[in-house]
Number of protein chains: 2
Amino acid sequence: MEYQEAKEKFISTWGSLGTMWGINKAMAMIQALLFVSTKPLSMEDIMEELQISRGNTSMNLRQLMDWGIVTKEIIPGERKEFFTTEKDVQELARQIAKERSRREIQPVIKVLKEVSSIKDDKTEKTKELIKQTKALHELTENADKMLNKLINQDQNWLTKSLFKLIK
Amino acid sequence: MEYQEAKEKFISTWGSLGTMWGINKAMAMIQALLFVSTKPLSMEDIMEELQISRGNTSMNLRQLMDWGIVTKEIIPGERKEFFTTEKDVQELARQIAKERSRREIQPVIKVLKEVSSIKDDKTEKTKELIKQTKALHELTENADKMLNKLINQDQNWLTKSLFKLIK
DNA sequence: TTAAACTTTCAATAATTATTGAAAATTTAT
DNA sequence: ATAAATTTTCAATAATTATTGAAAGTTTAA
């Protein structure tokens, strides 16, 4: 497999993985492209390489910046804006975990807490609803605590922890 | 908040969480409904309660069975088929982790391995592609190993491990 | 200030994914 | 074997989500 083929395979695989986990394809592909690029890329570069429109590129770059995994680079003497992504996989994982926790998991935990706290009228179905949502609440909260631990720890915590678990 | 409201809130929240993580809404809602039901439900019951069509219900029940988290129940004297979901959250988490690993993560690991093994022609861009996909390969493999550990361990391993990590 | 270079926005459109509903298939009871 | 009950399939349709492209907006250089 040659460089170009390998690169394309990586980018498109990353794109479809994104799709499976609720992340839009263009967004995942832009991140993948930047991830293996040796230098910052302009919007033109990205449009060209991925064959996507200016608007699409602009919107998805913005989203990636909102997620905190892509940053604008100012290149002296250049009028265009250039972009880079976090190159360190650990930091990347931390950032994604942080955002998914904040945007998606926390709101669900809130609802699970509410639902599992309804008044127990002693009917079987109410007891079941409370019991099951409580169990889910606990599991979700534990998983989320783990993510947050991951987010706030030093650089190598993730690898060390994973190693501890699998050893 | 009354029972019915709480139940609906739980089901629709679970549905939208599913969507965010690439799982279709009806599938997540059916699972949620069964999860808090006190008894097995028929297709009619599910269609009625979630206001979805017969075809949709049938297809999504099948998918949930493929995922191994919903099973058919035979109820003596009844002609219809009835369905239940795994009620234990730990087991549920294990099952989902197992399937997502098998269907989604393993194929990506395979591609990352291929891409990171291309011949190093000593150019900067090839070296970067190899380095970055190798790093991602390692991280993904570790995370997947953790998932598989989770899958194959005893019932309480998940809780214990999470506790160890966050304590 | 002006205008060229560049980026953002957003309504229109396309692509994808989910859902319906009715016909076909299957199962069960007699 | 027959037919009623039930489930599955799948082409058509609807709903959702992603993408385009051009107009509006912004920045920069002279």
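Quick note on labels: first sequence line is chain A, next is B, and so on, each numbered from 1.
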Quick one: salt bridge (charged side-chain N to carboxylate O under 4.0 Å, His left out) partners of A:Glu141, sequence neighbours excluded? none
Taking atom P of C:dT8 as reference, at what distance in whole Å does atom CE of A:Met47 sit? 12 Å
Throw together a table of side-chain donor-acceptor distances under 3.5 angstrom for residues 63-76 of chain B, partners on residues two or more places apart or in other chains.
residue: B:Thr71; atom: OG1; partner: B:Thr84; partner atom: OG1; Å: 3.3
residue: B:Lys72; atom: NZ; partner: B:Glu81; partner atom: OE2; Å: 3.1
residue: B:Glu73; atom: OE2; partner: B:Thr84; partner atom: OG1; Å: 3.3

Any B:Arg62 side-chain N or O less than 4.0 Å from OP1/OP2 of D:dT9: yes
Spacing of B:Phe82 atom CZ relative to C:dT27 atom P, expressed in whole Å: 18 Å
N/O donor to acceptor pairs below 3.5 angstrom from side-chain atoms of residues 39-54 of chain A, sequence neighbours left out:
residue: A:Ser42; atom: OG; partner: A:Glu44; partner atom: N; Å: 3.4
residue: A:Ser42; atom: OG; partner: A:Asp45; partner atom: N; Å: 3.1
residue: A:Ser42; atom: OG; partner: A:Asp45; partner atom: OD1; Å: 3.4
residue: A:Ser42; atom: OG; partner: A:Asp45; partner atom: OD2; Å: 3.1
residue: A:Glu44; atom: OE2; partner: A:Arg54; partner atom: NH2; Å: 2.9
residue: A:Asp45; atom: OD2; partner: A:Ser42; partner atom: N; Å: 2.9
residue: A:Glu49; atom: OE2; partner: A:Lys7; partner atom: NZ; Å: 2.9
residue: A:Gln51; atom: NE2; partner: A:Glu48; partner atom: O; Å: 3.1
residue: A:Ser53; atom: OG; partner: A:Asn56; partner atom: N; Å: 3.2

Partner set under side-chain contact (heavy atoms from CB on, under 4.5 Å) for B:Lys125, not counting sequence neighbours: A:Tyr3, A:Thr38, B:Thr123
Residues in side-chain hydrogen bond (donor to acceptor under 3.5 Å, both in side chains) contact with B:Arg103, at least two apart in sequence or another chain: B:Glu99
Holding to side-chain contact (heavy atoms from CB on, under 4.5 Å), I want the full list of residues that pass it with B:Met1, two or more places apart in sequence or in another chain. A:Glu114, A:Val115, A:Ile118, B:Glu5, B:Ala6, B:Lys9
Would one find a side-chain N or O of A:Ser58 under 4.0 angstrom from OP1 or OP2 of C:dT8? yes
For the pair A:Phe35 and A:Phe10, name the ring-plane relationship: parallel under 30°, tilted 30 to 60°, perpendicular over 60°. tilted
Please work out which residues in residues 63-76 of chain A have a non-hydrogen atom less than 4.0 Å from an atom of DNA chain D and list them by number. none
Please identify each residue that fulfils side-chain hydrogen bond (donor to acceptor under 3.5 Å, both in side chains) with B:Glu86, with sequence neighbours left out. none
Just to verify, what does A:Lys119 make a side-chain contact (heavy atoms from CB on, under 4.5 Å) with, not counting sequence neighbours? none
Heavy atoms within less than 4.0 Å of DNA chain D: which residues of residues 30-37 of chain B have one? Give them sorted by number. none
Which residues share a side-chain hydrogen bond (donor to acceptor under 3.5 Å, both in side chains) with B:Glu78, sequence neighbours left out: none
Separation of C:dA5 P from A:Glu44 CD (nearest whole Å): 12 Å
Protein-proximity profile, nucleotides 21-27 of chain D, B/S/- by nucleotide at the 4.0 Å heavy-atom cutoff, equals B-----B
